[in-house]
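Predicted model, so just to flag it, every value in this text is computed and none were measured. Chain identifiers are assigned alphabetically (A, B, ...) following the order of the sequence lines, protein sequences preceding nucleic acid strands; residue numbering begins at 1 within each chain.
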Amino acid sequence: MVSRRRPERAKRRLAVIAVLIVSMVATLAGRLYYVQLLDPNKPVQTAGRLHDGTIVVPAPRGQIVDSRGRPLVDNTSAQVLTVNRETLQGLPDHGTSVLSRLAALLGTTTAALAKEITPCSPTVPAPCWTGEPYQPVPIASNASTAVTLAVSEHRERYPGVALQTVTLPRYPGGTLAAHVLGYTGAVNADDKKKNAALTDSDTIGRTGLEAQYDAALRGIDGQQVVRLNPQGSAVSAGADVPAQQGDTLVTSIDANVQRLAEQSLAKQIADSRAKGKPATSGSVVVMDPNTGRVIAAASYPSYDPQLFVGGISSSNYAALTSPTANDPLLSRAIAGQYAPGSTFKLITSSSAVMHQEISLSGTYACPGSLAIDGRVKTNFESESFGYPISLQDALGYSCDTFFYAPAANEFYADQSRITAGQKPNEYLQKMASAYGVGLAPGLDVPAAEQAAGGYADRDTRLARWKANRAQYCADAKHGFPQVADRAQRSYLTQLASENCTDGWRYRAGDNADMSIGQGETTVSPLQLAVAYSALVNGGRIWEPRLGWAIVNGAGKVVSTINPKLRNRVPVSQSVLNYIADSLSFSRGWAVSGAFAYLNSPYRNQIGGKTGTAEVFGHQDTSWLATWGPVSKDAHGATRARFVIVGMVEQAGTGATAAGPMLKRIWDGLFGVGGPAVVPGTRPATVLPKIAPQVQVSR
Amino acid sequence: MTLLARDPRAPFALTPTVLPLERRVRGYDWILIAAALALALIGAVLVWAATRQAGGNPQGFLYRHLFNVLVAGALLVATSRLDARLLRLFGPVAYVASLIGLLAVFVVGSTVNGAHAWIRLGGGFELQPSEFMKLGMIVGMAVLFARRERDDAPPTTLDVLMAIGLVAVPLALVMLQPDLGSAMVLGAAAFGVLVAAGVRARWTIGLLALAVLGAVLAVKGGLLADYQLARFSSFMHPGHDVQGAAYNVTQAHIAIANGGLFGTGLFHGPQTSGGFVPEQQTDFVFSVAGEEFGLIGGSAVIALFAVLCWRGLRIARGADTAGRLVAVGVVCWIAFQAFQNIGMNLGLTPVTGLPLPFVSYGGSSMFAQGLAIGLLQAVRRRAVAAA
């Protein structure tokens, strides 16, 4: 019984396994039969086909030209020496002799070259070739003529070595308009994440116009197709798709004006330094107030964008970004923000007159000093007039105390409104905003590269205090034990204590500060140019543009880029005329900005407002905002063809530094002391003709 | 010598060489040997076809495959001469030895195709201990269940738990390499042994359910390596990533599908001679048969495996408990591995790096299978001698 049951169960179990195995065999046989004979969708035999490998041929970037068609950025060709590793591998000595000859030619070692051309893999560390294995490896970019001759004349000695022509961006003007044009760089992993169409060999615009119009400038990469056998070796060359150069960007920059502005700025920095001023930096903006186009934007110090072509060396980059270099990469004309000083009185006057705080026919005191809120505020160098003066003279002589009274009165009126449960009017702040202060200017460069400027008002004060109160109060409580100096320590503690309890307060003195472009008021030179453009264009505030048009390879205009009219300042034309007339240099000594221009033949055709902005711990910033040549339109409105704003940091008064700096530019525009830099003292009004691109043959 | 050979309880019953030929060859299953040899020789041709254009010596892989076959043959002969009654003696030794080999991988092993499973021996030779572990585990389990020869009841819970422990250790080590394919084969062979040992259905079905649950958790819970998941997902969505993980499968599929009934003829398969199917001499060797010998050739290979399994199960039927379990284990091992390998060539199963037994190029698997067939012969010879 027992001995019978055991084999029975064992057999049953074996049968189970046999059934499993039979079903597996049947499954395989059935599937094989299906795959080989029945499947209606048999995969197509592809073994005979060669795969295509593609080598990306980077497209030359589009040119950037000025408003008269002169190139600001174009392309140059460079010879790149490449080595085809597969050809070398096929040689009897696997290319050792070719590599050693090349090494001698290039002044390197055979071993180093061999490493450079070996494709990277987990077992091959850098230096190694990061591209496709079938792709010729570039070993020397921008090869010298001696090297290219040696290789091309003795081709038989260099099998697998080829010369490729590549195009690289070139800056014919050197540093000319560097900040506006911006620099380029090699595509990195982040760029590829954002745009999958980018390849490693592409160049991408990093800043300025190169970044803003990158899509148009980049062009379409070409492809060189190589046929690959199953093992991935190239067996023949396939069809080529030539690279398509990027479109041309026409800008409103006038190279001549830009150059003149840069030279004058550099000269002024040198002159001011010669007079013992630090003159650390400066900028100039030239605008067409009628179109909102930027004609020149110069910043000092500057840099050479050529350094970035093909990747900037770490030593060059370190030099550009070192603290002693003073931020040469910063486009101060557009991204810098500074206290505007008296140039802000355009806005203060507009507000005070439009809100009946000052009458155009009235006269008001201009004392040497004025106490506001218990604090004494003085005129520049305590100048004073013993009699009441008109707004015209207050603007011309740039009297500060003249504007304090209406600013303080406006403040107290607002305080009364608040007490009465009403919202403050804050007319001055609203007018500043209408002129564009505190708002991004909307220029066609990346948003991060343009400053919005700003000013203080009750809301921002309160918000800032709420955000920082804890810190103020903590500092007030603990004192500043880390500060060694006792007086300094008690000053800081006192300040923190005031901020802790009263930091939210907006005071009459703050409003007075704002009225003369001080305190927390800041603008960029570009913003000031936009504001002064409104003065001489009927009150229009532009979102200015540097780009003018995009022209394709056939020379056809693909799109025109137009400045956007953002708003009109709420100031009547008669008031604008009054302000412009008050500041006309024809008034001679009565206008502070005219000092440098008293003997200029075009003196009567231009006007301007100086600014001497005090900066805590630094010497004054010198400002001058000018316009001209002035004319009256059919409605009697004051018009000008150019607005030029200049500033030099730590250079003294507006009349002494910015004055002569801008005079040299006006001289050039009017053709005084040399040929005129623009014909007829007019900005370009028609797009230049752009010749069709010539396809670079490879 | 003769005295020793006739004593049934002699510990080392190597058959003396002086015995007449008829005695020495008695009890061998020649059909089994012929099937294995046929597979190995077909393998030689397929390996040759797959590798002759890869550069280097066109016959290099062929010669090394034939050398492997010779060594495996020698191992087969030597193993077949062991007395199967001594399983109890050498079973544990084989188990422990192969386990040590598996552990050694973690100390001195090297990585091939994502799995840390090889030991470099020098001189170009490499050993993959997991191949020997399959046999070691089967023998170990057989000895465990055969301890109580007289017990007619199904194995006790303790026996089953011990068996599970016996399986779990190598399984875990192989998973750590990670070598999913070998782990699956170990599981399949162990399952076969458990079934054959008469373990109650609640155990076998429960373990099967546990394995499925474990697989699901491994896929969902990220226990698998990225390349394993990629292979798995390429199996689920073929054609999704033709240049990546699914490339092998796609190319093998093209090769087999275009073989048709008679195939393209030796050396005339465009996929094979073009070198389109990566790992074609090892994991994808079946695609050579499918392309160059068509349905006829492919079916012949499958049929030979069927014959092999049939003969193996026949040996199991006639053997004592230990012999039966060893035979079933070996049959399940080879059957499952062949199924899994041919299945992945045909797009039926996910890609796991497993060679096709006897056919694929590779020393370790060939040697282990030589030992296994030898062991089956020893079991049969013992049964014939006892009958």
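In this structure, Y34(A) OH and L348(B) CG are separated by 11.5 Å, a value rounded to the nearest 0.5 Å.
A289(B) does not touch chain A: none of its heavy atoms, backbone or side chain, sits under 4.5 Å away. For a residue to count as touching a neighbouring chain, one of its non-hydrogen atoms must lie under 4.5 Å from one of that chain's; by this rule V328(B) touches chain A with the side chain only. For a residue to count as touching a neighbouring chain, one of its non-hydrogen atoms must lie under 4.5 Å from one of that chain's; by this rule F305(B) does not touch chain A.
In this structure, the side chains of T27(A) and F339(B) come closer than 4.5 Å at one or more pairs of heavy atoms. Using a 4.5 Å heavy-atom threshold, the side chains of R31(A) and I342(B) count as separate. Taking 4.5 Å as the limit, every side-chain heavy atom of V195(B) sits out of range of all side-chain heavy atoms of L20(A).
Considering every non-hydrogen atom in both L346(B) and L28(A), the closest pair reads CD1-O, 3.8 Å. The nearest pair of heavy atoms linking G298(B) to L32(A) is C-CD2, 3.5 Å. Closest non-hydrogen pair, R13(A) versus L194(B), comes out as NH1-O, 4.3 Å. When all heavy atoms are compared, the tightest approach of Q36(A) to I256(B) is NE2-O, 3.0 Å. When all heavy atoms are compared, the tightest approach of V25(A) to A306(B) is CG2-CB, 4.0 Å. Of all non-hydrogen atoms in I17(A) and G192(B), the two that sit nearest each other are CD1-O, 3.6 Å.
Of the listed residues G259(B), A255(B), G294(B), the one with more heavy-atom pairs under 4.5 angstrom with chain A than any other is G294(B). Chosen from G269(B), A257(B), A303(B), the residue pairing most often with chain A at heavy-atom distances under 4.5 Å is A257(B). Taking G290(B), S299(B), G260(B), A196(B) one by one and counting their heavy-atom pairs under 4.5 Å with chain A, the maximum is reached by G260(B). Between chain A and the options I302(B), L295(B), N345(B), heavy-atom pairs under 4.5 Å are most frequent for L295(B).
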